[in-house]
There are 2 protein chains.
Amino acid sequence: MDATNRRSTCSTFTNMETINDILKRNDLSVTDSRKKILELFLKQNGALNHGVIEKSIGDDMDRVTIYRTLQVFVDKGIIHTIPTNDNSIRYALCKDHCEAGHHHDNHVHFVCDSCHITTCLDHVTIPEVVLPEGFKPKHAEMVVSGICKECE
Amino acid sequence: MDATNRRSTCSTFTNMETINDILKRNDLSVTDSRKKILELFLKQNGALNHGVIEKSIGDDMDRVTIYRTLQVFVDKGIIHTIPTNDNSIRYALCKDHCEAGHHHDNHVHFVCDSCHITTCLDHVTIPEVVLPEGFKPKHAEMVVSGICKECE
DNA sequence: GTAACTGCAAAATATTTGCATCCTT
DNA sequence: AAGGATGCAAATATTTTGCAGTTAC
């Protein structure tokens, strides 16, 4: 429902070879739907939610297929969910060792108040915090909002 | 849909006087619905989502009223939303100067993997992070998950 | 050829809106 | 008494499920 879109920061491995590789590496059969959605994530480094994906892909694909494909990708650790304040799940590519299963997406996400684009700040690591006695941390998420590089 | 429930940490101002005060301070008329929902938040320090509130209150109140009441509370700065990975908005009381309008909810939230209760770690402040050139931070959210004090 | 994937239909769930009625001030 | 708040009905949006047809390997 909002413009959660593109931001190119990193690698430029948007070729079919890599897409196929990623799918095969995760024991997934290579289908058009999966290739298209994965390509979207590779092209638009940053976060996407269901609505944006649906808009980008258009009527070529059933809405249900998008739901199921995203679920499969999350299960395989190809993408991960980013916490949001509104109730729209945002997904982003897992970097690093993520394909292995458990992902190491311990980087900060930035949401721009102006353009609403979510950017993965791959090189900003989430700092450790000291919790009260008795709390055992396993995972942390951090979302910073403000004005991004492009909108300043 | 999940058990996002109670956790008492702080103040014990769960008396009707305070509830009325909060509503009046925010130019809201004092109604049963608002008193009940606000009481819930005061009693159960921690986060609540729509489903939990609906369950706690039962059939005394229309579902629509809960939606509208929560929206009003957010607008007035009485409660704020907590980012989540699933698509359920969680709400928590604003502490400190929050009633003023802009809230200072710069504390860490903890979600227990075992009991699914969200706790406001009021005394754990979100650390500052250094962002890449050009990013202007305005606000930060941090959610840590793991095992909480009660479940360890 | 077989298992897995997809599209379609439909169910289940969640959220929003309009309006008449009731309650707070 | 007047304006806002609530309940009800219904519209809209979102997500899930079942099943039959199709595709990847």
Side-chain angles (χ1 to χ4, degrees), chain A residues 1-4 16-17 19-40 47-76 78-79 81-82 84-91, chain B residues 1-4 16-17 19-40 47-76 78-79 81-82 84-91:
Chain A
M1 195 124 287
D2 59 3
T4 308
M16 201 53 70
E17 203 50 47
I19 290 177
N20 290 2
D21 285 353
I22 293 176
L23 291 174
K24 284 176 185 163
R25 201 181 315 150
N26 286 283
D27 303 313
L28 294 175
S29 45
V30 179
T31 67
D32 283 348
S33 313
R34 287 170 180 171
K35 280 193 288 188
K36 268 185 195 160
I37 292 183
L38 193 46
E39 192 182 5
L40 260 188
L48 302 168
N49 64 21
H50 184 99
V52 173
I53 295 171
E54 206 175 324
K55 231 172 290 165
S56 307
I57 292 190
D59 297 331
D60 291 350
M61 200 182 303
D62 196 277
R63 191 186 292 102
V64 177
T65 302
I66 299 178
Y67 279 111
R68 290 196 267 226
T69 303
L70 289 173
Q71 191 52 58
V72 168
F73 284 0
V74 169
D75 290 346
K76 290 292 185 178
I78 299 173
I79 60 178
T81 59
I82 299 176
T84 58
N85 271 315
D86 52 62
N87 51 354
S88 80
I89 305 183
R90 272 200 281 262
Y91 302 89
Chain B
M1 194 124 289
D2 58 2
T4 308
M16 201 53 71
E17 204 49 49
I19 291 177
N20 290 3
D21 284 353
I22 295 177
L23 291 174
K24 284 176 185 163
R25 199 182 316 151
N26 287 282
D27 303 312
L28 295 175
S29 44
V30 180
T31 67
D32 284 348
S33 313
R34 287 170 181 169
K35 280 193 286 189
K36 269 185 195 160
I37 292 183
L38 193 46
E39 192 182 4
L40 260 187
L48 303 168
N49 64 21
H50 184 98
V52 173
I53 294 171
E54 206 174 324
K55 229 172 292 164
S56 308
I57 292 190
D59 297 331
D60 290 351
M61 199 183 302
D62 195 277
R63 192 186 291 104
V64 176
T65 302
I66 299 178
Y67 280 112
R68 290 196 268 225
T69 303
L70 288 173
Q71 190 53 58
V72 167
F73 284 0
V74 169
D75 290 345
K76 290 292 186 179
I78 298 173
I79 60 178
T81 60
I82 298 176
T84 58
N85 271 314
D86 53 60
N87 51 354
S88 80
I89 305 184
R90 273 200 280 262
Y91 303 87

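In what follows, every chain begins at residue 1, and chains take the letters A, B, ... in the order their sequences are listed. Since we're looking at a predicted model, the values are computed, not measured.
- For the atom pair A:Lys55 NZ and A:Leu48 CG, the distance stands at 11.5 Å (nearest 0.5 Å).
- Each end of the helix from C:dG1-D:dC25 to C:dT25-D:dA1 gets its own axis, taken as the rotation carrying the C1' atoms of four end pairs onto the next four within a five-pair window, and the two axes meet at 40° to the nearest 10 degrees.
- Sorted by first and then second residue, the pairs that involve residues 61-71 of chain A and meet salt bridge (charged side-chain N to carboxylate O under 4.0 Å, His left out), not counting sequence neighbours, are A:Glu54-A:Arg63.
- The CG atom of B:Leu70 sits 5.0 Å away from the CD1 atom of B:Ile79 when rounded to the nearest 0.5 Å.
- B:Asp86 contributes a side-chain N or O that, together with a main-chain N or O of B:Ser88, makes up a donor-acceptor pair within less than 3.5 Å.
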Enumerate all atom pairs, one protein N or O and one N or O from nucleotides 15-20 of chain D, separated by less than 3.5 Å.
unit_1, atom_1, unit_2, atom_2, d
D:dT15, OP1, B:Asn87, ND2, 2.8
D:dT15, OP2, A:Tyr67, OH, 2.6
D:dT15, O5', A:Tyr67, OH, 3.3

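- Applying the side chain to side chain contact (heavy atoms under 4.5 Å, CB included) criterion to B:Thr31, with sequence neighbours excluded, gives B:Ser29, B:Ser33, B:Arg34.
- Atom CD1 of B:Ile82 and atom OG1 of A:Thr84 lie 12.5 Å apart (nearest 0.5 Å).
- Atom NE2 in A:His50 sits 4.5 Å away from atom CD1 in A:Ile66 (nearest 0.5 Å).
- Residues satisfying the side chain to side chain contact (heavy atoms under 4.5 Å, CB included) test with B:Ile89, not counting sequence neighbours, are A:Asn87, B:Thr81, B:Tyr91.
- Checked against side chain to side chain contact (heavy atoms under 4.5 Å, CB included), A:Asp60 has the following partners two or more places apart in sequence or in another chain: A:Lys36, A:Ile57.
- Nucleic acid contact class of B:Asp60 (heavy atoms, under 4.0 Å, all strands): sugar-phosphate only.
- Within the 4.0 angstrom heavy-atom criterion, no nucleotide atom of any strand lies near B:Asp27.
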What nitrogen or oxygen pairs link the protein and nucleotides 23-25 of chain D at under 3.5 Å?
unit_1, atom_1, unit_2, atom_2, d
D:dC25, OP1, A:Val30, N, 3.0

